Structure formats: C-alpha cells, structure tokens
S.K.: 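This structure is in structure tokens; I'll ask about it shortly.
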Number of protein chains: 2
Amino acid sequence: MATAGQVSEPISSWDPYTRGCPSRDLLDQIGSKWAVLVLGELGRHGACRFTQLRQQLAGVSEKMLTQTLRTLERDGIVARHVTPSVPVRVDYELTPLGQSLLVVVAQIKAWAEANMDAVRDARDAYDAASD
Amino acid sequence: MATAGQVSEPISSWDPYTRGCPSRDLLDQIGSKWAVLVLGELGRHGACRFTQLRQQLAGVSEKMLTQTLRTLERDGIVARHVTPSVPVRVDYELTPLGQSLLVVVAQIKAWAEANMDAVRDARDAYDAASD
DNA sequence: CGGGATCCGCACGGATACTG
DNA sequence: CAGTATCCGTGCGGATCCCG
C-alpha cells in the first residue's frame, strides 16, 4: 500500500495473512477438493456437460457439483454455456482466468498423486509411534 | 476395490477422480486455507514457534492451528521439535517433503493474491446480472 | 437433462477454560 | 508457552423430490 496516485487503482494488497482478507476465502475455494478436480477435468477435456463432469468426479453429489460450478462461474473461472434445446444442454469450460489457475492447480493434484505413498508411510510411522 | 489380487503391488495409481481414493482427502488437506498459510510462513521464516505462527496467521484459532500442524506433521510435511526447557519450547519446520509441497502451494497463494481483483470484478458482474 | 428446493446428520471450526 | 478438553453454533455435504 501507500503507493500514491491510485485514483482508480484498487491497490491489490490482498494479503491472505491478514484477518478478514477476502483472498483467504478465495484461497479456500480454489484449493477445495471438487474445484481442483473440476478444473483438471475441464482442462483435459475442454468443454464438458454437467452429467459428464458428474461421472468423471466419481462420488460427487449433484448439490456439491452445482455449488462448485456456481462458485467457479461467479469467480470468472469457468464459463457456462446454455443451449436451449428441448432437453436443455449446458456446457462448462475454462475462461482464460481459469486456464491460468489450472496451471497451478494441476500441480497440487500432481503432487498429491505423486507423494501419496510417502505421505501414507509417514502416517503409518506417526501412528505407530503414538502407541 | 473389486480388483482381485492386490497382493503386494503398491501401484501408485492414486487417482483422485476415483471414489474413495485417499489422495482425494490429501488434496483437501494440503489445499486448505490454514495449511497453505502455515506452509508459506515456514517457507519464509524457517523454523517457527507456535505462538509465532499464531500471530502471523491473524485470526486463526488455537484449535485450528494445532489441528493443522498435527495433520501436517502426521503427513510428514512439517517436523516438530520439542526443547524441554522450563517453559516448553516447540519449533516447527518444513521437511524435505514439505519443501517440495511449498513450491506448488506458494503458487496458489500467489495466484489468489494476484487475481483477487479480477475475481472481485467477475463477482460484481455476476451479482449485477442476477438482478 | 440440468439443476433448484428442502430436510437433516454431523463434522468443521470458533471461543473459552484448564493443564503440564 | 504450548497445547488439551469442552461446549456449541454454523454450514458442509449427502439424499430425495420436483420443476423447466
């Protein structure tokens, strides 16, 4: 902050270490389980339909998928395209903003997959020491 | 499940798109708000004490900080060093595994900070259209 | 087909008080 | 100082029914 002359410049000092900073909630949103998986799927597949996503994210409830998509849409991360056919067709795809997020989010997913074994070993060791 | 004969094959096919896969919960853990902030702080500062972390993560409750640290410790991401002095001194620091995670996790935090403005604009536009 | 609405259990997450 | 223990509200998250 403190940079002078921000007449219409919204400062951008969004520090999530500050109490009540909105970037903290954004952090939680984009790091959430379902958001990461939705992002990843849309990144691979391009546009996807609701049911298609629902099947890929095995075990997700309709409610959570809808909620996740709504939030991502509201945040400008995914775009929602409605085709007014007889059975309505809805497609979701990443916005440019969403694609930039995908890059970083894909790495967390990759890390989780790659290091699951190491984490599992650490857990076993920890639990064994607790006895 | 249902795949017969997983005798001693550690496979490492930890696909979070699969229902019930443990990597899904790991994904949630490491992407959580407090975990990201703890990782970031330990990454900058090196070893930190409990109270120090508590002050940096403004607004975190003791319970959540303890819980976060415990989980990260169990997963082998942070190490807990106890110095048996009269007032007990406890320091937390990143393990090598934790440092590898820090690299990817720092990017989400950076993304959230960098794109908070764009997200806020998108939200305003979305909310305005909802009227 | 793609949700919106609703009910509900339960675990998350905060506040407080107490202990080694 | 660094937790643990406890109480408790809120909202997550699943299940179900129904509508456009």
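In what follows, chains are A, B, ... by sequence order, proteins preceding strands, each numbered from 1. Fair warning: this is a prediction, and the values are worked out from it, not measured in the lab.
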S.K.: Could you state the atom-to-atom distance from CH2 of W34(B) to P of dC12(C) in whole Å?
M.R.: 16 Å
S.K.: Would you give the length of the straight line joining atom CD of Q107(B) to atom CD1 of I108(A), rounded to the nearest 0.5 angstrom?
M.R.: 9.0 Å
S.K.: Roughly how many Å is it from CG in D25(A) to P in dG11(D), rounded to a whole number?
M.R.: 12 Å
S.K.: Rounded to the nearest angstrom, tell me the gap between atom CZ in R54(B) and atom P in dG14(C).
M.R.: 12 Å
S.K.: With rounding to the nearest 0.5 angstrom, report the CE to CG distance, M116(B) to D15(A).
M.R.: 13.0 Å
S.K.: With respect to the phosphate group of dA2(D), does any side-chain polar atom (N or O) of T51(B) fall under 4.0 Å of OP1 or OP2?
M.R.: yes
S.K.: Given dG4(C), dA2(D), dG20(D), identify the nucleotide with an atom nearest to the side chain of R70(A).
M.R.: dG4(C)
S.K.: Nearest nucleotide by nearest heavy atom, which residue falls closer to the 5' end of DNA chain D, V88(A) or D28(B)?
M.R.: D28(B)
S.K.: Distance only, no hydrogens: is a donor on one side chain within 3.5 Å (strictly under) of an acceptor on the other, for Q52(B) and H45(B)?
M.R.: yes
S.K.: What residues from residues 55-67 of chain A pass a heavy-atom cutoff of under 4.0 Å to DNA chain D?
M.R.: S61(A), K63(A), M64(A)
S.K.: I need the NZ-P distance between K33(B) and dC12(C), as an integer number of Å.
M.R.: 14 Å
S.K.: Output the distance between atom CZ (R80(A)) and atom OH (Y126(B)), rounded to the nearest 0.5 Å.
M.R.: 7.5 Å
S.K.: Can you give me the closest heavy-atom contact between V88(B) and R49(B), atom names plus distance?
M.R.: O-NH2, 4.2 Å
S.K.: If you round to the nearest 0.5 Å, how far is CD1 of I77(B) from OG1 of T71(B)?
M.R.: 9.5 Å
S.K.: Under 4.0 Å from OP1 or OP2 of dA2(D): is there any side-chain N or O of R49(B) that close?
M.R.: yes
S.K.: Counting only side-chain nitrogens and oxygens, does R80(B) get under 4.0 Å of the OP1 or OP2 atom of dA2(D)?
M.R.: no
S.K.: So does Y92(A) get a side-chain nitrogen or oxygen closer than 4.0 Å to the phosphate oxygens (OP1/OP2) of dG3(C)?
M.R.: yes
